[in-house]
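Here is the structure we will look at, set down as structure tokens.
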Amino acid sequence: ATTAALVTRDLQLNVCMDAKHHKTEPGPEGQLYGQCVLWKDNACCTANTSLEAHRDQSYLYNFNWDHCGAMPEKCKRHFIQDTCLYECSPNLGPWIDQADTSWRKERIRDVPLCREDCEQWWDDCQDAVTCKVNWHKGWNWTTGTNQCPRGAMCQKFKFVFPTAAALCEQIWSGSYHYTSHHRGSGRCIQMWFDPAQGNPNIAVAQYYA
């Protein structure tokens, strides 16, 4: 039984989810762009995916951040980082779950985000504007890009997501879980880290696997 448990554990480490733009297995990517460069030594994303993650109207998902007017740059950088983590990180194995959508077979659920990453995201985005709590579904896609559904009101993030936990846990339908763990604790996934210090999320995945 122990061997089976170890095999399961190893399958959860250093792995890419089966989703729209992910590589089948992680490996070095020398040319990762911008904020995704943190994962260049071992990535589930290609250089092209990393470039597209930084575009306002990227072909990755045709998703428009500016659906209620221009999203401030200090807020947008968190969404870019969130996209880089999702597309590039090989350390999300313990939280990979089945997904029943046409565009991906697997998704992440309840990834324990470090408190600071979540709170900084909320702080920098509290005055940005949106019309929806869950950005995974319910948009009007008739133009080919997401628009607010009829009758949905644009309001500041701080009213749509009254707390940092609400933002992190609700915006991508439970992909993230807000934790009280701090960065460097080895108990939470960091969206942001200094690659020169190594990737702290490797140890976190090992702990939860």
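Computed over heavy atoms, backbone and side chain alike; hydrogens, waters and symmetry mates excluded.
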(message) Let's go through Gln190 and Asn201 carefully: what are the C-alpha distance in whole Å and the side-chain angles of both, what is the deciding distance for side chain to side chain contact (heavy atoms under 4.5 Å, CB included) to 0.1 Å, and is it a yes or a no?
(response) CA-CA 7 Å; Gln190 293 181 206; Asn201 296 334; 3.9 Å; yes
Say you draw a straight line from [atom1] of [X] to [atom2] of [Y]; how long is it, rounded to the nearest 0.5 Å?
X: Gln31; Y: Leu51; atom1: CD; atom2: CG; result: 11.5 Å
X: Asp123; Y: His78; atom1: CG; atom2: NE2; result: 8.0 Å
X: Asp117; Y: His181; atom1: CG; atom2: NE2; result: 13.5 Å
X: Leu167; Y: Phe157; atom1: CG; atom2: CZ; result: 6.5 Å
X: Thr24; Y: Met17; atom1: OG1; atom2: CE; result: 14.0 Å

[X] side chain to [Y] backbone, donor-acceptor under 3.5 Å:
X: Ser50; Y: Tyr33; answer: yes
X: Tyr178; Y: Pro112; answer: no
X: Lys132; Y: Pro149; answer: no
X: Gln170; Y: Val133; answer: no
X: Lys105; Y: Ala99; answer: no

Non-hydrogen atoms of [X] and [Y] that approach each other most closely:
X: Lys23; Y: Cys16; result: O-CB, 3.2 Å
X: Gln147; Y: Thr143; result: OE1-CG2, 3.1 Å
X: Glu116; Y: Arg183; result: OE1-N, 3.1 Å
X: Arg77; Y: Asp124; result: NH2-OD2, 3.4 Å
X: Gln81; Y: Met191; result: NE2-O, 2.8 Å
X: His67; Y: Cys148; result: O-SG, 4.0 Å

(message) Tell me which pairs pass disulfide (SG to SG under 2.5 Å) where either residue lies in residues 160-209, with sequence neighbours left out.
(response) Cys114-Cys188, Cys118-Cys168
(message) Checking Trp122 now: which residues fulfil ring-ring contact (aromatic ring centres under 6.0 Å, His included) with it, not counting sequence neighbours?
(response) none
(request) For His182, enumerate each residue passing the ring-ring contact (aromatic ring centres under 6.0 Å, His included) test, keeping only those at least two apart in sequence or located in another chain. (result) none
(request) Kindly work out whether a path of hydrophobic side-chain contacts (I/L/V/M/F/W/Y, heavy atoms less than 4.5 Å apart) joins Ile80 to Val37. (result) no
(message) Membership question, hydrophobic clusters at under 4.5 Å side-chain separation (ILVMFWY): are Met153 and Trp65 in the same one?
(response) no
(message) Check Cys75 against Cys125 for me: are their SG atoms closer than 2.5 Å?
(response) yes
(message) Tell me if the aromatic rings of Trp172 and Tyr86 count as close, with their centers under 6.0 Å from one another.
(response) no
(request) With side chain to side chain contact (heavy atoms under 4.5 Å, CB included) as the test, would you mind laying out the steps for Asp56 and Asp66 before giving the verdict? (result) CA-CA 8 Å; Asp56 280 352; Asp66 304 331; 3.9 Å; yes
(request) Evaluate the side chain to side chain contact (heavy atoms under 4.5 Å, CB included) criterion for residues Tyr208 and Val204: first the C-alpha distance (whole Å), next the side-chain angles of each, then the deciding distance (0.1 Å), finally the verdict. (result) CA-CA 6 Å; Tyr208 284 99; Val204 178; 3.8 Å; yes
Just checking, any donor-acceptor pair under 3.5 angstrom between side chains of [X] and [Y]?
X: Gln35; Y: His54; value: no
X: Tyr176; Y: Asp82; value: yes
X: Ser173; Y: Trp135; value: no

(message) Determine whether Cys131 and Cys68 satisfy the following criterion, disulfide bond (SG atoms under 2.5 Å apart), listing intermediate values before the conclusion.
(response) CA-CA 7 Å; Cys131 55; Cys68 278; 4.1 Å; no
Quiz: residues 89-98 side-chain donor-acceptor pairs under 3.5 angstrom, not counting sequence neighbours:
residue : atom : partner : partner atom : Å
Ser89   : OG   : Asn91   : N            : 3.0
Asn91   : OD1  : Asn199  : ND2          : 2.8
Asp97   : OD2  : Arg109  : NE           : 2.7

(request) Report the relative orientation of the aromatic rings in Trp103 and His136; use parallel for angles under 30°, tilted for 30 to 60°, perpendicular for over 60°. (result) tilted
(request) Walk me through it: do Phe161 and Thr130 pass the test side chain to side chain contact (heavy atoms under 4.5 Å, CB included)? (result) CA-CA 10 Å; Phe161 306 106; Thr130 186; 4.2 Å; yes
(request) Salt-bridge test for Lys158 and Asp127: reply yes if a basic N is under 4.0 Å from a carboxylate O, no otherwise. (result) yes
(request) Step through the shown structure and confirm whether more than 12 heavy atoms of other residues, nucleotides or ligands are within 6.0 Å of CZ on Phe79. (result) yes
(message) Holding to side chain to side chain donor-acceptor pair (under 3.5 Å), I want the full list of residues that pass it with Thr179, two or more places apart in sequence or in another chain.
(response) none
Which pairs of donor and acceptor atoms, one on a side chain in residues 38-47, lie under 3.5 Å apart (sequence neighbours left out)?
residue : atom : partner : partner atom : Å
Asn42   : OD1  : Gly27   : N            : 3.2
Asn42   : ND2  : Asn14   : OD1          : 2.6
Thr46   : OG1  : Thr49   : N            : 3.1
Thr46   : OG1  : Thr49   : OG1          : 3.1

(request) Check whether any side-chain heavy atom of Gln126 sits under 4.5 Å from a side-chain heavy atom of Lys156, and report yes or no. (result) no
